[in-house]
Chemist: 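The structure follows.
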Amino acid sequence: MAEQNYRVATQLVHQRQDRDPHTGASTVPIYQASTYHHPAGQPGEYDYARSGNPSREQVEQAVALLEGAQFGFACASGMAAIGTALSLLKSGDHLVAPEDLYGGSYRYLTQLLPDLGIEVSYVDFTDLEQIEAAINPRTRGIFVETPSNPSFLISDLRGIVALAKQHDLLTFLDNTFMTPLLQRTIELGIDVVIHSATKFLGGHGDLLAGVVVTDDKVLAKRLRRFLNGFGAVLGPFDCFLLSRGLKTLKLRLDAAQQSAQLLAERLSAHPKVARVAYPGLDDFPQKQLHFSQATGAGAVLSFELQDVSLVAPLLQRVKLPIIAPSLGGVETILTHCWSMSHAAMPIEVKQRLGISDGLLRISVGIEDVEDLWEDLVTALG
Ligand SMILES: *Cc1c(COP(=O)(O)O)cnc(C)c1O
């Protein structure tokens, strides 16, 4: 049976290459080598580790398989993956992006891309008309993140792909939040999918990594050329960690998602909580759109406290979650978006997007949900 016909749990364990071809070892070895012998002066399959090495290729193929694509590129971080993907644009080009981007992407798009001569327009991505209105003759791409974070705004991926095709634009999707298990977007027509593999794909809080995936041969060639020239590749040991983390992705995500649903429901009913944003809740405003393009609600939710003065005591009392700006690990992570993940965003923009200082985000881990709930309730006082 071809790998692409296996069900996802099987793909995750066996990936595209599940043993060392030379020895039969049950994992592909960490090829911790910077260079490769050229027999009689002739390069072999590998010549220098930046250009390619077996550990990296193994994990690149594994993530591409999950996305239903042919080509994957493992980068040194999620941001390196975003920079690599956006290298498909050049000076003079214009990009349309949502205003409520991941904080690091917001920093890259607002502070670094303009220095490269690439202009970005930020619009409300829940409104296709606004996206279309932002397209000008120099526009080359649309950058999407859905659900957005921590506002949980949903962008209509089919609508955006249709717009892009009509105007001959590239589509870039940051799929970190959903993973290919919950949101398969190459088949919806997205050109370039990006992951911060630091989050769910790696999943253990021990790795910084990113992956770019495409099914387009021409784009893949350009991405490979950029990454080889720029050099922000993932090292062999980190490739091994990522490959190992992937094996349990379905088990981790299923468990965390189930707990997230329960916590979202219970927090919604808590008197000190003003509102909860989670696509799995019945009152989630864009529930239908989300589930028309994704198969699950994910493992991250955000909630706003009735009163900002409750934030500091909560952060002081809570014991189980790591208080940090990250998500997608086996451990539950609590983020104060205002001061952590979205620190790079100007206050006016945060306010406009509803990222108040009373807002908290929980990336639910795989601890026992009753322990998490008791801890939260006690900390809420
Ligand atoms: C964390 C994150 C990134 C950046 O990834 P790093 O691995 O931290 O560089 C990009 N996009 C989203 C949605 C993220 O959560």
Side-chain angles (χ1 to χ4, degrees), residues 59 63 67 72-87 95 97-113 120 125 143-155 157 172-183 185 190 192-213 227 230 232-235 238-239 241-242 245-246 249 253 256 260 277 279 294 298-302 322 324-329 331-337 340-345 353 355 361-365:
V59 81
V63 179
E67 287 284 5
F73 300 93
C75 306
S77 68
M79 289 318 305
I82 288 174
T84 298
L86 292 176
S87 75
L95 180 72
E99 204 170 31
D100 55 333
L101 277 171
Y102 165 73
S105 310
Y106 184 82
R107 184 191 292 123
Y108 185 70
L109 267 64
T110 55
Q111 298 178 18
L112 302 183
L113 272 191
V120 189
F125 262 51
F143 190 95
V144 199
E145 202 187 314
T146 181
S148 73
N149 152 43
S151 324
F152 285 88
L153 300 178
I154 309 299
S155 305
L157 292 176
F172 301 89
L173 172 77
D174 183 336
N175 204 23
T176 300
F177 250 62
M178 285 289 107
T179 82
L181 271 56
L182 301 179
Q183 192 163 261
T185 60
I190 294 288
V192 182
V193 176
I194 303 154
H195 287 281
S196 168
T198 308
K199 315 295 169 53
F200 290 100
L201 302 190
H204 292 74
D206 53 11
L207 170 69
L208 191 69
V211 184
V212 183
V213 171
L227 205 50
F230 190 63
V233 294
L234 193 62
D238 289 343
C239 291
L241 283 178
L242 177 52
L246 280 175
L249 176 59
L253 195 58
V300 185
L301 60 101
S302 65
I322 290 186
S326 191
L327 58 99
E331 64 287 298
T332 295
I333 304 173
L334 184 64
T335 311
H336 184 234
C337 300
M340 298 172 189
S341 56
H342 289 65
M345 190 174 270
L353 297 172
I355 306 172
R361 184 182 74 198
I362 304 184
S363 167
V364 183

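Counting starts at 1 for both ligands and their atoms, following the listed order. Counting begins at 1 with the first residue of the sequence.
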Chemist: Among protein heavy atoms, which lies nearest atom 5 (O) of ligand 1, and at what distance?
Modeler: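 Closest protein heavy atom to atom 5 (O) of ligand 1: Ser196 OG, 2.9 Å.
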Chemist: Which atoms of ligand 1 sit under 4.0 Å from any heavy atom of Met79?
Modeler: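 Numbered from 1, ligand 1 contributes 4 (C), 5 (O), 6 (P), 9 (O).
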Chemist: Using a 4.0 Å heavy-atom cut-off, which part of Ile194 comes near ligand 1: side chain, backbone, both, or neither?
Modeler: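 Near ligand 1, Ile194 shows nothing, with every heavy atom at 4.0 Å or more.
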Chemist: The criterion is side chain to side chain donor-acceptor pair (under 3.5 Å); which residues satisfy it with Gln183, sequence neighbours excluded?
Modeler: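 Partners of Gln183 under the side chain to side chain donor-acceptor pair (under 3.5 Å) test: Asn175.
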Chemist: Show which atoms of ligand 1 fall inside a sub-4.0 Å distance from at least one heavy-atom site of Ala209.
Modeler: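 So the atoms of ligand 1 that pass are 7 (O).
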Chemist: Give the residue, atom name and distance (to 0.1 Å) of the protein heavy atom nearest atom 4 (C) of ligand 1.
Modeler: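 Ranking protein heavy atoms by distance from atom 4 (C) of ligand 1, first comes Tyr102 CE2, 3.4 Å.
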Chemist: Under the 3.5 angstrom rule, does the side chain of Thr176 hit a backbone N or O of Ser196 as a donor-acceptor pair?
Modeler: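 Flag set: sc Thr176 to bb Ser196 pair under 3.5 Å.
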Chemist: Check Leu208 against Leu234 and note the closest heavy-atom contact, atom names and distance.
Modeler: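 So the minimum-distance heavy-atom pair works out to O-CD1, 3.6 Å.
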Chemist: So, Thr332 side chain and Gly365 main chain: donor-acceptor pair closer than 3.5 Å or not?
Modeler: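 Judged by distance alone, yes, a pair lies under 3.5 Å.
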Chemist: I'd like to know if the side chain of Ser363 reaches the main chain of Gly328, judged simply by a donor and an acceptor atom lying under 3.5 Å from each other, with no hydrogens or angles considered.
Modeler: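 Confirmed, Ser363 side chain pairs with Gly328 backbone.
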Chemist: Find all atoms of ligand 1 within a distance of less than 4.0 Å from any non-hydrogen atom belonging to Lys199, and give their numbers and elements.
Modeler: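 Matching atoms, with element in brackets: 1 (C), 2 (C), 3 (C), 14 (C), 15 (O).
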Chemist: Could you tell me whether the side chain of Phe125 reaches within less than 4.5 Å of the side chain of Thr146, counting heavy atoms only?
Modeler: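 No, their side chains stay 4.5 Å or more apart.
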Chemist: I want to know if ligand 1 touches Ile82 in the polar sense, i.e. an N/O pair below 3.5 angstrom.
Modeler: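 In fact, backbone or side chain, Ile82 has no N or O that close.
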Chemist: Can you list the ligand 1 atoms lying under 4.0 Å from a non-hydrogen atom of Asp174?
Modeler: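 It comes down to these atoms of ligand 1: 10 (C), 11 (N), 12 (C), 13 (C).
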Chemist: Taking it one step at a time, do His195 and Glu67 satisfy side chain to side chain contact (heavy atoms under 4.5 Å, CB included)?
Modeler: CA-CA 11 Å; His195 287 281; Glu67 287 284 5; 2.6 Å; yes
Chemist: Determine yes or no for a side-chain-to-main-chain donor-acceptor pair under 3.5 angstrom, with Ser151 supplying the side chain and Leu153 the backbone.
Modeler: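 Not a single qualifying donor-acceptor pair exists.
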Chemist: Evaluate Thr198 for polar contact with ligand 1, using N/O atom pairs at a separation under 3.5 Å.
Modeler: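 In this structure, Thr198 places an N or O atom under 3.5 Å from an N or O of ligand 1.
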Chemist: With heavy atoms of Ser77 as the reference, note each atom of ligand 1 found under 4.0 Å away.
Modeler: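 Within the 4.0 Å cut-off of Ser77, ligand 1 contributes 7 (O), 9 (O).
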Chemist: Is there a polar contact, in the sense of an N or O pair closer than 3.5 Å, between Glu145 and ligand 1?
Modeler: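 No; the residue has no nitrogen or oxygen that sits under 3.5 Å from a nitrogen or oxygen of the ligand.
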Chemist: For ligand 1, which is the ligand I care about here, please tell me if Gly78 has any N or O atom under 3.5 Å from one of the ligand's N or O atoms.
Modeler: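 Between Gly78 and ligand 1, an N or O pair is found under 3.5 Å apart.
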Chemist: Decide whether an N or O pair under 3.5 Å exists between Asn149 and ligand 1.
Modeler: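 No.
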Chemist: Is there a donor-acceptor pair closer than 3.5 Å between any side-chain N or O of Ser77 and the backbone N or O of Ala209?
Modeler: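 Side chain of Ser77 to backbone of Ala209: no pair is present.
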